[in-house]
Amino acid sequence: VQLQASGGGLVQAGDSLRLSCAVSGRTFASYAMGWFRQAPGKQRDFVAAISRTGANTDYTDSVKGRFTISRDNAKNTMYLQMNSLKPEDTAVYYCAAAVIGWYGSSCPREADEYDYWGQGTLVTVSS
(Lines give C-alpha, C1' and ligand atoms only; values in the text may rest on other atoms or scores of the structure.)
Protein backbone atom coordinates (compact mmCIF):
# COMPACT_ATOMS: atom_id res chain seq x y z
CA VAL A 1 0.00 0.00 0.00
CA GLN A 2 1.38 3.39 -0.98
CA LEU A 3 0.11 6.78 0.14
CA GLN A 4 0.96 9.94 -1.77
CA ALA A 5 0.23 13.27 -0.09
CA SER A 6 0.12 16.46 -2.12
CA GLY A 7 -1.21 20.01 -2.08
CA GLY A 8 1.08 21.70 0.38
CA GLY A 9 2.63 25.09 -0.23
CA LEU A 10 3.37 28.57 1.04
CA VAL A 11 0.34 30.70 1.87
CA GLN A 12 -0.51 33.73 3.94
CA ALA A 13 -2.48 33.70 7.17
CA GLY A 14 -6.18 33.50 6.42
CA ASP A 15 -5.71 31.64 3.14
CA SER A 16 -6.93 28.16 2.27
CA LEU A 17 -5.30 24.98 1.01
CA ARG A 18 -6.59 21.54 0.13
CA LEU A 19 -4.38 18.56 0.74
CA SER A 20 -4.93 15.27 -1.05
CA CYS A 21 -3.80 11.76 -0.22
CA ALA A 22 -3.96 9.18 -2.99
CA VAL A 23 -3.85 5.55 -1.90
CA SER A 24 -2.86 2.59 -4.05
CA GLY A 25 -4.62 -0.75 -4.04
CA ARG A 26 -8.16 -2.04 -3.99
CA THR A 27 -8.88 -1.94 -0.26
CA PHE A 28 -9.06 1.82 0.36
CA ALA A 29 -12.67 1.56 1.52
CA SER A 30 -11.58 -0.77 4.34
CA TYR A 31 -9.17 1.78 5.83
CA ALA A 32 -9.84 4.51 8.33
CA MET A 33 -7.75 7.48 7.24
CA GLY A 34 -6.05 10.24 9.14
CA TRP A 35 -3.96 13.37 8.86
CA PHE A 36 -1.11 14.16 11.22
CA ARG A 37 1.32 17.05 11.26
CA GLN A 38 4.80 17.69 12.55
CA ALA A 39 6.15 21.16 13.12
CA PRO A 40 9.91 21.76 13.26
CA GLY A 41 11.35 20.44 16.50
CA LYS A 42 8.04 19.00 17.66
CA GLN A 43 6.40 15.61 17.78
CA ARG A 44 3.93 14.37 15.19
CA ASP A 45 0.41 15.33 16.23
CA PHE A 46 -3.06 14.16 15.24
CA VAL A 47 -5.04 16.56 13.07
CA ALA A 48 -8.11 14.72 11.77
CA ALA A 49 -9.47 11.28 11.00
CA ILE A 50 -12.31 9.82 8.96
CA SER A 51 -13.97 6.43 9.14
CA ARG A 52 -13.85 4.09 6.19
CA THR A 53 -17.28 5.17 4.88
CA GLY A 54 -16.83 8.84 5.73
CA ALA A 55 -19.75 8.75 8.15
CA ASN A 56 -17.59 9.59 11.16
CA THR A 57 -14.93 12.24 11.54
CA ASP A 58 -12.76 13.52 14.37
CA TYR A 59 -10.60 16.61 14.73
CA THR A 60 -8.09 17.99 17.13
CA ASP A 61 -9.52 21.02 18.92
CA SER A 62 -7.21 23.56 17.29
CA VAL A 63 -8.56 22.89 13.79
CA LYS A 64 -12.25 22.37 14.51
CA GLY A 65 -14.35 24.73 12.41
CA ARG A 66 -11.43 25.49 10.07
CA PHE A 67 -10.41 22.12 8.62
CA THR A 68 -12.62 19.52 6.94
CA ILE A 69 -11.56 15.95 6.25
CA SER A 70 -13.29 14.00 3.50
CA ARG A 71 -12.76 11.02 1.25
CA ASP A 72 -13.81 9.70 -2.12
CA ASN A 73 -13.70 5.92 -2.03
CA ALA A 74 -14.31 5.71 -5.78
CA LYS A 75 -11.07 7.65 -6.33
CA ASN A 76 -9.05 6.09 -3.48
CA THR A 77 -8.38 9.59 -2.24
CA MET A 78 -8.68 11.48 1.02
CA TYR A 79 -8.72 15.26 1.38
CA LEU A 80 -8.08 17.90 4.01
CA GLN A 81 -9.63 21.28 3.28
CA MET A 82 -7.84 23.85 5.39
CA ASN A 83 -9.40 27.29 5.75
CA SER A 84 -8.44 30.34 7.80
CA LEU A 85 -4.89 29.07 8.05
CA LYS A 86 -2.71 30.36 10.86
CA PRO A 87 1.08 30.50 11.21
CA GLU A 88 0.82 27.81 13.89
CA ASP A 89 -0.55 25.44 11.24
CA THR A 90 2.88 25.41 9.63
CA ALA A 91 4.11 21.82 9.54
CA VAL A 92 4.72 18.79 7.40
CA TYR A 93 1.38 17.08 6.97
CA TYR A 94 1.26 13.29 6.75
CA CYS A 95 -1.59 11.09 5.68
CA ALA A 96 -2.03 7.64 7.15
CA ALA A 97 -4.20 4.56 6.72
CA ALA A 98 -5.42 2.22 9.44
CA VAL A 99 -6.58 -1.29 8.56
CA ILE A 100 -10.07 -1.41 10.07
CA GLY A 101 -11.74 -4.07 7.97
CA TRP A 102 -14.95 -3.94 6.00
CA TYR A 103 -17.22 -3.40 9.03
CA GLY A 104 -15.29 -1.00 11.27
CA SER A 105 -16.39 2.58 11.91
CA SER A 106 -13.64 4.03 14.06
CA CYS A 107 -11.56 7.18 13.56
CA PRO A 108 -8.21 6.49 15.24
CA ARG A 109 -6.40 9.42 16.89
CA GLU A 110 -3.17 7.66 17.86
CA ALA A 111 -0.32 7.35 15.40
CA ASP A 112 0.43 3.79 16.46
CA GLU A 113 -3.04 2.73 15.33
CA TYR A 114 -2.11 3.48 11.73
CA ASP A 115 -0.46 0.90 9.49
CA TYR A 116 0.63 2.88 6.44
CA TRP A 117 2.04 6.39 6.04
CA GLY A 118 2.63 8.81 3.21
CA GLN A 119 5.77 10.86 2.72
CA GLY A 120 4.38 14.20 3.92
CA THR A 121 3.67 17.54 2.30
CA LEU A 122 4.91 20.85 3.68
CA VAL A 123 2.47 23.60 4.57
CA THR A 124 3.95 26.98 5.43
CA VAL A 125 1.70 29.79 6.63
CA SER A 126 3.25 33.25 6.79
CA SER A 127 1.92 35.98 9.06
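Sorted by first and then second residue, the pairs that involve residues 13-102 and meet disulfide bond (SG atoms under 2.5 Å apart), not counting sequence neighbours, are C21-C95. Note on residues 38-89: no pairs pass disulfide bond (SG atoms under 2.5 Å apart), not counting sequence neighbours. The salt bridge (charged side-chain N to carboxylate O under 4.0 Å, His left out) pairs that include a residue from residues 15-38 are R37-D89, where partners are two or more places apart or lie in different chains.
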**Request:** Determine, step by step, whether Y31 and I100 satisfy the side-chain contact (heavy atoms from CB on, under 4.5 Å) criterion, reporting the C-alpha distance in whole Å, the side-chain angles of both residues, the deciding distance to 0.1 Å, and the verdict.
**Result:** CA-CA 5 Å; Y31 301 147; I100 298 296; 5.9 Å; no
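In this structure a side-chain-to-backbone donor-acceptor pair under 3.5 Å is missing from T77 to A22.
Listed here is the closest heavy atom pair of V47 and V63: O-CG2, 3.8 Å. Residues Y59 and A48 share a closest heavy-atom pair of CD2-CB, 3.6 Å. For the pair V123 and L19, the tightest heavy-atom approach, listed with the atom from each and the gap, is CG2-CD2, 4.0 Å.
N56 pairs by the side-chain hydrogen bond (donor to acceptor under 3.5 Å, both in side chains) definition with nothing, not counting sequence neighbours. Residues passing the ring-ring contact (aromatic ring centres under 6.0 Å, His included) test with F36, sequence neighbours excluded: F46, Y114, W117. Qualifying side-chain hydrogen bond (donor to acceptor under 3.5 Å, both in side chains) partners for R71, counting only residues two or more places apart in sequence or in other chains: N73. K64 meets the side-chain hydrogen bond (donor to acceptor under 3.5 Å, both in side chains) test with D61; sequence neighbours excluded. Listed by chain and residue number, D72 satisfy the side-chain contact (heavy atoms from CB on, under 4.5 Å) test with A74 (two or more places apart in sequence, or in another chain). Partners of T60 under the side-chain hydrogen bond (donor to acceptor under 3.5 Å, both in side chains) rule, at least two apart in sequence or in another chain, do not exist in this structure.
If you chain together hydrophobic residues whose side chains sit under 4.5 Å apart, Y116 and F28 fall into the same group. In the hydrophobic clustering of this structure, F67 groups with W35; members are Ile, Leu, Val, Met, Phe, Trp, Tyr whose side-chain heavy atoms approach within less than 4.5 Å, directly or through other members. Hydrophobic cluster membership differs between M33 and Y94, with clusters built from Ile, Leu, Val, Met, Phe, Trp and Tyr side chains linked at under 4.5 angstrom. L17 and Y93 fall within the same hydrophobic cluster, where Ile, Leu, Val, Met, Phe, Trp and Tyr residues are linked whenever their side-chain heavy atoms come under 4.5 Å apart, directly or through other members.
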Can you give me every donor-acceptor pair (side chain of residues 1-14, partner residue at least two apart or in another chain, under 3.5 Å) with its distance?
none

Using distance only, find each side-chain donor-acceptor pair of residues 78-87 under 3.5 Å and give its atom names and separation, not counting sequence neighbours.
from: Q81; atom 1: NE2; to: N83; atom 2: OD1; distance (Å): 2.9
from: N83; atom 1: OD1; to: S16; atom 2: OG; distance (Å): 2.9

Would you mind writing out the side-chain donor-acceptor pairs for residues 101-111 within the sub-3.5 Å range, not counting sequence neighbours?
from: R109; atom 1: NH1; to: D58; atom 2: OD1; distance (Å): 3.0
from: R109; atom 1: NH1; to: D58; atom 2: OD2; distance (Å): 2.7

